[in-house]
Number of protein chains: 2
Amino acid sequence: MRQRDPNKTTVTIRDVAKTSGFSASTVSIVLNNAPLARYIPPQTKARIQKAAKTLGYHPNVFAKSLRSKRNHTVGVMVFDITDPYCTPILRGIENALYQASYLPILADAHNERGRFERYLEMLLERRIEGLIVLANWLYLDINLLADIERGKIPTVIIGRELESDAISSVIVDDEAGAYSGLSHLYGLGHRKIAFVRGPKALASSKARWRGIQRFAKDTGLELDPRRIVDLPDQRNPNVGVDDGFRMTEELLKRKRPFTALMAYDDMTAFGTLRALAKAGIKVPDHCSVVGFDDINPSQLFVPALTTVRQPMEAMGAAAVVIANDAITATAENRTVGAIHRKLAAELVIRESTRAVP
Amino acid sequence: MRQRDPNKTTVTIRDVAKTSGFSASTVSIVLNNAPLARYIPPQTKARIQKAAKTLGYHPNVFAKSLRSKRNHTVGVMVFDITDPYCTPILRGIENALYQASYLPILADAHNERGRFERYLEMLLERRIEGLIVLANWLYLDINLLADIERGKIPTVIIGRELESDAISSVIVDDEAGAYSGLSHLYGLGHRKIAFVRGPKALASSKARWRGIQRFAKDTGLELDPRRIVDLPDQRNPNVGVDDGFRMTEELLKRKRPFTALMAYDDMTAFGTLRALAKAGIKVPDHCSVVGFDDINPSQLFVPALTTVRQPMEAMGAAAVVIANDAITATAENRTVGAIHRKLAAELVIRESTRAVP
DNA sequence: TTGTTTTATTGAAACGATTCGCTATAATAT
DNA sequence: ATATTATAGCGAATCGTTTCAATAAAACAA
């Protein structure tokens, strides 16, 4: 005969029932403040609550989820947590989830497809209620997301807008951001401006360049191809610096003088700063530099980097709002279409830019 | 009469049982390769496995955990994910957990006590199998951990060694690290060395200073109190830079010349670099600077920072190993004492230090 | 032949919570 | 006095899985 372990460690709802003198049903109703709780007199509630507290009762989420199919958990998949771009977004996600009483399960794909798939599997098994994908600097292909669609799990992707319209997205307005960055340099009197463009395969590269071109057209600024270089396609956030360094040296070698340089992103800009320092070119005295992103180190640098700031915490929070809405919609059996948010970037003027002498 | 939803979406073990023609018990035994599976003929196994695959059966983890009390989940509590010191450790944790097929639930206390407690509660409810606490730059009091002890959840704390011997820890050898950093400067000929010490309340501050003192004693180096300043106690990782800046200015004001400066950590060192630049003092030409930690931006800086590197990924991995051992021990009803690991720091020589002229 | 062991499979009882439907009393209306 | 309704509480089924105990057929031994 199977019998309860007498010296068991977990306290169940039945224990609370026993010590409070009521049934498990009543305890459940009271503790969850279910609709039926309106009939339960206050003193009964008090007795039950006291019993629960003194016993140190914690409802078992597994038992709970087994019935309710809800577990207040969302998956957060990043592609490389090492990337400083990730951190503030993660903070934004975490904070918003906390407000909504969700807990994040963290998965880091290390930019490996296999790992991404394995994690996706694990998250699906765990019946996450929503999924937030942080597609930092990634070449993500779409088929991976078929799985997600199949499972009907509300999904939001940050940093990339997918062609498929089944998945929500939060991105920054790269085009307007680049426009404002260049506008800043132009306003300072710069006309000979060099560009280190992003990898061609990245959507954000294209968008940012569109902003540059639009500004050039609007003002008649000339974009000299000899002052333009491209970052190679195969990158990794931390070699971005090296690439920026190399590309800037390439630019210097071309002997086309420039008084300002716009880098694809802050990491690239750091490489640029290094190359310029090596060449004895002072920033901002001899050359202004503008980055993009405003990752944490940018403000620490000497000189502090002027850059176009992505509202990363806000992006994380926005993703959670979208996910949360979709989750409650699903719970209430409503359907809701994919939502696409594009947040504004903000120019942050620091020490790496100054008026042309 | 309650009846099954005919167009339900989840496929259960009973569905597999039905289509394969065996009972749920058998299916369970086969799919988990339980001990009893040794009696099951291969062709039965094959039939069941095929059925499971074609139906797309994923066992429900909640039902599973409800019985087995295991859920392959550990809580990871950080005190401020924004701190660049966190990221590599998190990576180390994540990676090691992945190897062991665990999934991390991320909690960020934002350095608020209330938030820490709330998260602890949530994690406990979720019946995490282990807890890893990342006590970066925190003033953590012990009572918080009473809860953990009560629940008998294997816990490892990174970055801090607790007096209580019930909780394992992973720390870096701060003393030896500081010793080697100073030794490096000394070897370059520096004798007039300034120090920006860490906040007094931090254990690592004390340990690092012990290393300094030991080196001074070993070599007869004089530690002039007028070249020593202390960081204030109330800090936050990102104002660490400002504090470093202020303290260095204070040092400069004192008119006691120095040819090298050791900062409590890299963040502080960034502040120092800024202050020195402002004063027109070139690094490393006129003054060498050494940091501690080797956070990501340190290598990006111009000049790249010479620093004492904490093996952060390894620390995260070590914490997981300890936690994992404790978890399996608990599962097998063995008891295992707290383990304390102290990892070696490693001097990383970059561009911010050079021999005294 | 009968008895024992091995092989193959299953029913039923948990795990811990929620919830529907039922009962029983008290309060109110007719 | 009886019918009706609001108030309180409980029993039992259910969620999807694992696992123990039981059964039954086959294989083997005596």
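Each chain gets a letter, A, B and so on, in the order the sequences are listed, and its residues count up from 1.
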Undergrad: Just N and O in the side chain of B/Thr12: are any of them under 4.0 Å from OP1 or OP2 of D/dG16?
TA: no
Undergrad: We want to know whether A/Thr73 and B/Arg126 form a side-chain donor-acceptor pair, criterion being a heavy-atom distance below 3.5 angstrom.
TA: yes
Undergrad: Under 3.5 Å, is there any donor-acceptor pair linking the side chain of A/Arg67 to the base of C/dA17?
TA: no
Undergrad: Hey, is NZ on A/Lys45 packed in by over 12 heavy atoms from elsewhere, all under 6.0 Å?
TA: yes
Undergrad: Looking only at atom types and distance, does a side-chain atom of A/Ser65 sit under 3.5 Å from a main-chain N or O of A/Arg70, one as donor and one as acceptor?
TA: yes
Undergrad: For a quick test of reading the model, state the closest non-hydrogen atom pair linking B/Val11 to B/Leu55 and the distance between them.
TA: CG1-O, 3.6 Å
Undergrad: Are the side chain of A/Asn60 and the backbone N or O of A/Phe62 linked by a donor-acceptor pair below 3.5 Å?
TA: yes
Undergrad: If the threshold is 4.0 Å, N to carboxylate O, is there a salt bridge linking B/Arg115 and B/Asp108?
TA: no
Undergrad: In whole angstroms, how far is the C1' atom of D/dT19 from the NZ atom of B/Lys69?
TA: 14 Å
Undergrad: Please report, rounded to the nearest Å, how far the C1' atom of D/dG16 is from the CG atom of B/Leu55.
TA: 15 Å
Undergrad: To the nearest Å, how far apart are B/Leu66 CG and C/dA14 P?
TA: 14 Å
Undergrad: Mind telling me whether B/Tyr119 and A/Tyr98 have parallel, tilted or perpendicular rings, with 30° and 60° as the class edges?
TA: tilted
Undergrad: Output yes when at least one side-chain N/O atom of A/Lys64 is less than 4.0 Å from OP1 or OP2 of D/dC15, else no.
TA: no
Undergrad: Looking at A/Ile322, A/Val336, A/Val74, which one forms a side-chain contact (heavy atoms from CB on, under 4.5 Å) with A/Ile327?
TA: A/Val74
Undergrad: Nearest whole Å is fine: how far is D/dT18 P from B/Asn71 CG?
TA: 14 Å
Undergrad: May I have the distance from B/Leu31 (atom CG) to D/dT19 (atom P), rounded to whole angstrom?
TA: 13 Å
Undergrad: Could you state the atom-to-atom distance from CZ of A/Phe62 to P of C/dA17 in whole Å?
TA: 12 Å
Undergrad: Return the value, rounded to whole Å, for the distance between atom CD1 of B/Ile13 and atom P of D/dC15.
TA: 15 Å
Undergrad: Given 3.5 Å as the limit, does a donor-acceptor pair link the side chain of A/Thr330 with the main chain of A/Ala326, or not?
TA: yes
Undergrad: Rounded to the nearest Å, what distance is computed from the CG atom of residue B/Asp15 to the P atom of nucleotide D/dG16?
TA: 9 Å
Undergrad: Can you give one letter per nucleotide of nucleotides 6-12 of chain C, 5' to 3': B if a protein heavy atom sits under 4.0 Å from the base, S if only from the sugar-phosphate, - if neither?
TA: -BBSBBB
Undergrad: Does a side-chain N or O of A/Tyr57 approach OP1 or OP2 of C/dG16 to a distance below 4.0 Å, or not?
TA: no
Undergrad: At less than 4.0 Å, is any side-chain N or O atom of A/Asn32 found next to OP1 or OP2 of C/dT18? Yes or no.
TA: yes
Undergrad: Quick check on the helix from C/dT1-D/dA30 to C/dT30-D/dA1: what's the angle between its two end axes, five base pairs per end, to the nearest 10°?
TA: 60°
